[in-house]
Every structure is written in structure tokens, then in C-alpha cells.
Colleague: 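Below is a structure I'd like to ask you about.
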Amino acid sequence: MVDERDKRRIGEQIEPGGRPKAPGQLELLQRFINTHNHDLPTEWDRIGTAEKASAWLREKGLVREPISEADAAGLRQLRESIRALAVANQGGEPDPAATELIRRTAAPLTVAVDAMGRTSLEPVRGGVDGAVATLLAILHESQLSGDWSRMKGCRQCEYAFFDRSKNRSAAWCAMSICGNRTKNRAYYRRRSS
């Protein structure tokens, strides 16, 4: 069992089942999705209030200034929409409402070129718009690289995890947690019928 102290660290310092985090910049997007786990109390949501969202975004280097409650609410909606895309990576279709919200939320990006000629997408504006643009740039670049298809939402709790299995068939954030819950429920249903 996971103690309360470790539960509070899930998504930041530790991953369920000891899984490695996603590679490169995709780790930041994974952490954003996992700012809240639906199995944990809502007060543990790392972007649940403007104050918490400001602190989390500052810690990640995405904003410098405090953000409003409306901005925090918009970030939570964006998070759940991106989570829906990760859940769809389990073999389903993305929720049209989620893709529409992401489309409406998208902030302007520009192509930057470094001294070596490498390109990257960077936000045009700062603040919350810049943070959103950065997160969506990571989503875009991970889709181009093929890494996004390995970012999945657990079938049980919808926690975002990076599927490193050879055949890309991982279904749960951790077999010892959600996998066992699912299998136990199926077992009890079979026994009671």
C-alpha cells in the first residue's frame, strides 16, 4: 500500500508502480496531466486554486506572475481535455468536446531557430497563454516524434503514464494498484453470477 505522504508525491517525485516518467519535454506534459489523480481528494489538486496553480506553474518555469481563478479553471479544463487524448491512446476515439476545448484554448506559437539551426515551437506571449502554448507545443512535438502514442491514461484511474512496453499494450498506471483492482472486480462479478 502507498502511504499518504507518497500519495501526495505521485505525479511529481514518484510514479505508481515505480514507472519511469516520460522522456524529454513530454515529462512536463505528463506532470501537468497528473497534477490531479481522480482517485485522490480534490484538495490535493496541484492546480485546484489560483494560488496552487501559480505555484505549480512558477515551479515549472512556465509563469512568473500570479494567475486568476478563471485562469486556473481554464487550466483544469485543458488538463482534463489532454487527459482525454491520453485515455484515447488506449485504442479509443478522442472525445470531440476535449479536442474542441484544446482547439479553442490554443495560444499562438512561433518557430524559433537556435544557433545550430534547430527549430522549436515557442510561445508568442507570456503568462498563462505562454504556459498553455508551451504545453500544446510539447503535445504537438511528441505527436510528430511518435512518443505521444505511448502516453496513455490508466483504464482504471486515468492517471497519465508512459507505456514503455515493447508491444505498447500497458493498460494501467501500475499493475499492483489499478490492474489488481480491475482484475479483482472482474473476479467477484464472475463469482457472484
Side-chain angles (χ1 to χ4, degrees), residues 11-13 15 19-37 45-48 50 52-154 158-164 168 170:
E12 288 294 325
Q13 295 90 3
E15 290 297 300
R19 285 183 183 274
K21 291 197 178 294
Q25 286 292 314
L26 189 52
E27 178 184 338
L28 177 60
L29 189 59
Q30 178 185 18
R31 285 182 178 206
F32 175 68
I33 298 167
N34 291 333
T35 53
H36 183 61
N37 181 321
D45 187 338
R46 291 182 182 97
I47 61 172
K52 287 180 177 182
S54 294
W56 191 87
L57 292 169
R58 271 195 307 273
E59 180 185 314
K60 303 299 181 231
L62 294 170
V63 299
R64 285 187 280 231
E65 61 281 342
I67 66 169
S68 70
E69 286 297 338
D71 288 334
L75 287 168
R76 289 189 300 275
Q77 289 177 325
L78 177 64
R79 172 188 65 201
E80 296 310 317
S81 295
I82 296 172
R83 183 189 314 272
L85 296 183
V87 169
N89 282 341
Q90 290 279 16
E93 289 295 317
D95 176 8
T99 56
E100 179 56 30
L101 186 132
I102 293 168
R103 189 177 297 114
R104 281 193 332 267
T105 306
L109 292 160
T110 188
V111 176
V113 182
D114 71 10
M116 300 301 292
R118 293 179 297 244
T119 61
S120 63
L121 294 174
E122 293 187 358
V124 172
R125 296 188 287 250
V128 173
D129 282 347
V132 167
T134 299
L135 294 168
L136 294 180
I138 294 168
L139 174 63
H140 173 70
E141 290 172 352
S142 68
Q143 287 175 343
L144 291 178
S145 72
D147 284 340
W148 178 253
S149 63
R150 289 185 176 271
M151 182 61 66
K152 295 183 176 178
C154 176
E158 297 187 344
Y159 186 86
F161 67 93
F162 191 76
D163 182 359
R164 294 181 186 272
R168 299 176 184 219

Colleague: Has D45 got a side-chain atom pairing as donor or acceptor with H36's backbone, closer than 3.5 angstrom?
Modeller: no
Colleague: Below 3.5 Å, can you tabulate the donor-acceptor pairs from side chains in residues 102-112 to any protein atom, sequence neighbours excluded?
Modeller:
unit_1 : atom_1 : unit_2 : atom_2 : d
R103   : NH1    : E100   : OE1    : 2.6
T105   : OG1    : L101   : O      : 2.7

Colleague: Locate the shortest heavy-atom distance separating F161 from G153; write the atom from each residue and the value.
Modeller: CE2-C, 4.1 Å
Colleague: How long is the span from the CG atom in L26 to the CG atom in L28, to the nearest 0.5 Å?
Modeller: 9.0 Å
Colleague: What pairs meet the salt bridge (charged side-chain N to carboxylate O under 4.0 Å, His left out) rule with one or both residues in residues 52-78, with sequence neighbours excluded?
Modeller: E12-K60
Colleague: For residues 108-119, which residue pairs qualify under salt bridge (charged side-chain N to carboxylate O under 4.0 Å, His left out), counting only residues two or more places apart or in two chains?
Modeller: D114-R118
Colleague: Please give me the minimum heavy-atom distance between A133 and P123, naming the atom from each residue.
Modeller: CB-CB, 3.7 Å
Colleague: Check the pair D95, V87 against side-chain contact (heavy atoms from CB on, under 4.5 Å), reporting the backbone distance first and the verdict last.
Modeller: CA-CA 10 Å; D95 176 8; V87 169; over 6 Å; no
Colleague: Is a side-chain donor or acceptor of R164 paired with a backbone partner of K21 at a separation under 3.5 angstrom?
Modeller: yes
Colleague: What's the shortest heavy-atom distance between F162 and Q30, and which atoms?
Modeller: N-NE2, 3.9 Å
Colleague: Take a 6.0 Å sphere around CD of Q25 and say whether it holds more than 12 heavy atoms from other residues, nucleotides or ligands.
Modeller: no
Colleague: Please give me the minimum heavy-atom distance between L75 and F32, naming the atom from each residue.
Modeller: O-CZ, 3.4 Å
Colleague: Identify, with sequence neighbours excluded, every residue that meets side chain to side chain contact (heavy atoms under 4.5 Å, CB included) alongside S149.
Modeller: R168
Colleague: With sequence neighbours left out, write down each residue that passes salt bridge (Lys or Arg N to Asp or Glu O under 4.0 Å) with D147, or none if nothing qualifies.
Modeller: none
Colleague: Which of these, R19, Q90, K152, sits in a side chain to side chain donor-acceptor pair (under 3.5 Å) with D163?
Modeller: K152
Colleague: Could you tell me which residues satisfy side chain to side chain contact (heavy atoms under 4.5 Å, CB included) with A131, sequence neighbours excluded, listed by chain and number?
Modeller: L57, L62, V63
Colleague: Please identify each residue that fulfils salt bridge (Lys or Arg N to Asp or Glu O under 4.0 Å) with E80, with sequence neighbours left out.
Modeller: R83
Colleague: side-chain hydrogen bond (donor to acceptor under 3.5 Å, both in side chains) with T35: which residues, sequence neighbours excluded?
Modeller: R79
Colleague: Only counting residues at least two apart or in another chain, list the ones meeting side-chain hydrogen bond (donor to acceptor under 3.5 Å, both in side chains) with E122.
Modeller: none
Colleague: Can you tell me how far apart CG (N34) and OH (Y159) are? Round to the nearest 0.5 Å.
Modeller: 4.0 Å
Colleague: Tell me which pairs pass salt bridge (charged side-chain N to carboxylate O under 4.0 Å, His left out) where either residue lies in residues 123-138, with sequence neighbours left out.
Modeller: R125-D129
